[in-house]
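These notes concern the structure reproduced below.
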Amino acid sequence: MKYWLMKSEPAEFSIDDLARVGREPWTGVRNYQARNFMRDGMRPGDGVLFYHSNCAVPGVVGLAEVASAAYPDPTQFDPRSDYYDPKSDPHDPRWLLVDIAFKRKLARTISLAELRADAERLGDFPLIRRGNRLSVLPVTAAQFRHILSLE
DNA sequence: GCCAACGTTGGC
DNA sequence: GCCAACGTTGGC
């Protein structure tokens, strides 16, 4: 079992949205490294820290889990979608996704600022590395436990 | 294969 | 809204 952190802009899709629908195909990832984590690393049941980005208080706001194996992201073939990719071949889809299932909301937001302040305990962590822009990234079991212990 | 230009991410 | 950091694109 592995652990991950997945970013979402709450104005687009928040932890409350996930709580309401229960389960969501993680559409729109258009970065190869993030895709590779979903395609090659994720297995159903893996733990996911749900992170709000590009908002007043960016941070971890909930707990989810990987709920499917990777499969092609349908939005890449939809010309009306913001995520349409005309260069993707339907016989060899470029973009994959997994379904994410809601587990619970955290009692409070564990902010990016707090995580930065705890950098020493967390060790090497892509989220708090300078200039990091990955929207899907791996978390070690120790980091996962530690972050939740801050709740 | 190099690299400048451009677009995007995302914190602040 | 600003801007640093980074990925992608395309000319050469």
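Order of the sequence lines sets the chain letters (A, B, ...), proteins ahead of strands, with each chain counted from 1.
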ask   = Is the backbone of A/D16 close enough, under 3.5 Å, to the side chain of A/S14 for a donor and an acceptor to pair up by distance?
value = yes
Throw together a table of side-chain donor-acceptor distances under 3.5 angstrom for residues 134-143 of chain A, partners on residues two or more places apart or in other chains.
unit_1 : atom_1 : unit_2 : atom_2 : d
A/T140 : OG1    : A/Q143 : N      : 3.0
A/T140 : OG1    : A/Q143 : OE1    : 3.3
A/Q143 : OE1    : A/T140 : N      : 2.9
A/Q143 : NE2    : A/L122 : O      : 2.9
A/Q143 : NE2    : A/D124 : O      : 2.7

inquiry  = Can you give me the dot-bracket string for DNA chain B, 5' to 3', counting Watson-Crick and G-U wobble pairs with both distances under 3.5 Å, using [ ] for crossing pairs and | for partners on another strand?
reply    = ||||||||||||
query = Within a radius of less than 6.0 Å around CZ of A/R94, do more than 12 heavy atoms belonging to other residues, nucleotides or ligands occur?
reply = yes
request  = Quick one: which residue pairs count as a ring pair (Phe, Tyr, Trp, His ring centres under 6.0 Å) with a foot in residues 59-81 of chain A, not counting sequence neighbours?
outcome  = none
query = If you look at every strand shown and take non-hydrogen atoms under 4.0 Å, does A/R116 touch a base, only sugar-phosphate, or nothing?
reply = sugar-phosphate
Under 3.5 Å, N/O pairs linking protein and nucleotides 7-11 of chain C:
unit_1 : atom_1 : unit_2 : atom_2 : d
C/dG7  : O4'    : A/R133 : NH2    : 3.3

inquiry  = Can you see whether A/D99 engages A/W26 through a side-chain donor-acceptor pair at a distance of less than 3.5 angstrom?
reply    = no
key: Whole angstrom value for the distance that separates P of B/dC12 from CG of A/L115   = 11 Å
message = We want to know whether A/E9 and A/S53 form a side-chain donor-acceptor pair, criterion being a heavy-atom distance below 3.5 angstrom.
response = no
key: Connected hydrophobic set around A/Y32, excluding itself, where side chains approach under 4.5 Å   = A/W95
ask   = When the distance from CZ of A/R130 to C1' of B/dC12 is rounded to whole Å, what number comes out?
value = 16 Å
task = Please identify each residue that fulfils side-chain hydrogen bond (donor to acceptor under 3.5 Å, both in side chains) with A/N132, with sequence neighbours left out.
result = none
